[in-house]
Amino acid sequence: MDFVSGLCCRECGRTYPAEALHVCDFCFGPLEVTYDYDRVGSVMTRQRIESGPRSIWRYRDLLPVADASPVDLGAGFTPLVRADRLAAELGLGELWIKDDTANPTGSFKDRVVSVALTKARQLGFKTAACASTGNLANSVAAHAARAGMDSVVLIPHDLELAKVTMTAVYGGRVIAVEGSYDDVNRLCAELTSEQPSWAFVNVNVRTYYAEGSKTLAFEIAEQLGWSAPDHVVVPIGSGSQLTKVAKGFGELWKVGILDEAPSVRISGAQADGCSPVATAFSEGTDTIRPVKPHTIAKSLAIGNPADGFYALDAVRSSGGSCASVTDGEIVEAIGLLARTEGIFAETAGGVTIATLAKLAQQGVVRADERVVALVTGHGLKTVEALAGTVGPTVTIAPTLEAFDEVMAASDQQCAGRARSGVDGTAFAAEETETRSAR
Ligand SMILES: *Cc1c(COP(=O)(O)O)cnc(C)c1O
Ligand SMILES: [Zn+2]
């Protein structure tokens with residue numbers, strides 16, 4: 001039994017039953033799942049959560065579907081890693097990385113898809129479909145295979161190779177569309193009325209899908225010993241994830257799981273090449289002007305974000321901020337996170353870390369705050385972004401002499417750097433350059 005009381009229009013407040021509905025018939029506002037929080041509060045305890053599965057389903061009382069065996073590959077309960085070396089680089093104090101690269105298909109989308117397909121199955125759908133910037137495609141194809149459902153996934157034709165492979169391998173239909181994500185999404189919206197028997201995870205079951213992102217907030221609070229952080233930095237694509245992270249902390253308080261009312265500042269991260277929300281934030285307007293994306297952060301390349309307005313509202317009302325970063329800063333930040341903490345993020349993670357660095361420099365994210373940065377996808381998905389910036393330190397003949405020769409040279413270089421105080425981390429790129437120049 002779930003605790004859903006129904007769906008509610010975010011604009012006019014009209015209520016609807018918990019079916020495959022996503023917009024209000026009266027005002028076309030988006031619908032939101034509402035719960036009977038008194039009833040949730042009467043059963044949900046820290047103990048009950050802690051004895052649950054090590055996945056998002058330990059929080060099932062605050063998810064929109066009750067199913068003893070959900071469509072599950074083990075999404076969620078990913079590591080929350082204390083990042084002291086990165087914090088020192090950025091001049092911050094207590095910094096944590098929520099490492100969602102550890103999800104089954106390597107991104108946070110597994111959280112939302114596991115919820116969406118469990119609900120879709122309950123509603124009687126046999127086919128899962130979506131429009132995707134890549135990670136959603138990976139996750140829908142994998143979870144559909146797990147559930148024994150068919151899948152139809154629409155992607156822009158110019159996606160990263162790994163994301164295409166990681167979708168197609170699961171055996172569903174993969175449709176590459178000659179257009180941007182926004183074109184793909186529009187096509188998907190048209191298809192939804194034509195194919196009412198398909199569950200489009202980010203269209204007709206989007207209301208349920210979106211709820212999966214709340215588990216980020218639930219896990220962070222649990223992993224911080226049942227307390228909320230002061231500041232969370234969240235990447236923005238459609239903006240859904242950011243709004244649900246905000247909702248999640250509020251819900252834990254409502255049902256009595258936290259001792260103190262959370263006061264979490266939420267800041268949004270975008271790429272310069274697709275920054276409609278960050279632009280509206282800095283211009284002080286409520287109007288999100290659609291853009292034509294051009295950035296290496298393809299998983300965030302949504303020029304007309306469905307939840308952009310609500311994300312902006314959540315940022316502002318929490319006292320957070322919003323900023324955007326260049327493609328160069330994204331690549332630099334991917335390297336910084338990898339070198340300091342051993343976590344390899346995709347471009348969206350680079351966006352988060354680069355934005356964190358920028359906000360730290362501006363004094364918006366402060367050293368006296370407990371900060372969490374969401375690293376939402378694995379670096380192996382977007383290796384193209386690093387082409388030419390990383391590679392072997394050196395290539396040698398298979399002899400001891402050759403090895404000793406280059407080690408002696410690199411020891412000398414390192415010693416030289418240590419004396420002059422230069423950071424040794426540039427060694428790899430430099431050495432590759434000198435060797436190939438020979
Ligand atoms: C989809 C995605 C996001 C953005 O989530 P939204 O809910 O669309 O804002 C962030 N990071 C990664 C890796 C994603 O795949
Ligand atoms: Zn309405």
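We count residues from 1, following the sequence as given. In each ligand, atom 1 is the first atom listed, and ligand 1 is the first ligand listed. Heavy atoms only: backbone and side chains are in, while hydrogens, waters and symmetry mates are out. This is a predicted model, so every value here is computed, not measured.
At a 3.5 angstrom cut-off on N or O pairs, G237 counts as close to ligand 1. Looking at S299 next to ligand 1, no N or O pair under 3.5 Å apart turns up. An N or O contact shorter than 3.5 Å is missing between S107 and ligand 1 by distance. Not a single N or O atom of A348, backbone or side chain, sits closer than 3.5 Å to an N or O atom of ligand 1. For ligand 1, one of its N or O atoms has an N or O atom of S238 under 3.5 Å away.
The angle that C9 SG and C12 SG make at the Zn ion (ligand 2), rounded to 10°, works out to 110°.
Among V245, T243, L300, the residue whose heavy atom lies closest to atom 10 (C) of ligand 1 is L300.
Between N135 and K381, the side chains place a donor N or O and an acceptor N or O closer than 3.5 Å (distance only, hydrogens not considered). The closest side-chain donor-acceptor pair between Y208 and Q122, if any, does not fall under 3.5 angstrom. Using modelled atom types and a 3.5 Å distance limit, the side chains of S114 and H143 yield no donor-acceptor pair. When only modelled atom types and interatomic distance are considered, W253 and E251 share no side-chain donor-acceptor pair under 3.5 Å. With hydrogens and angles left out, the side-chain atoms of D272 and S275 include no donor and acceptor closer than 3.5 Å.
Atom 7 (O) of ligand 1 has Q241 N, 2.9 Å as its closest protein atom, hydrogens excluded (heavy atom only). If you check which protein heavy atom lies closest to atom 2 (C) of ligand 1, you get K109 NZ, 2.4 Å. For atom 12 (C) of ligand 1, the closest heavy atom belonging to the protein is T376 OG1, 3.3 Å.
With a 4.0 Å heavy-atom cut-off, ligand 1 is reached by the side chain of N135 but not by its N, CA, C or O.
Listed by number with element, the atoms of ligand 1 under 4.0 angstrom from any heavy atom of E346 are 13 (C). In summary, the atoms of ligand 1 found under 4.0 Å from a heavy atom of P235, numbered by their order in the structure, are 10 (C).
Between Y59 and F218, the ring planes are tilted. Angles from 30° to 60° get that label.
Taking a cutoff of 4.0 Å between a charged side-chain nitrogen and a carboxylate oxygen, R111 and E219 qualify as a salt bridge. With respect to E32 and K247, a salt bridge is recorded, a charged nitrogen being found less than 4.0 Å from a carboxylate O.
Counting heavy-atom neighbours within 6.0 Å of H157 NE2, excluding the residue itself, gives a total above 12.
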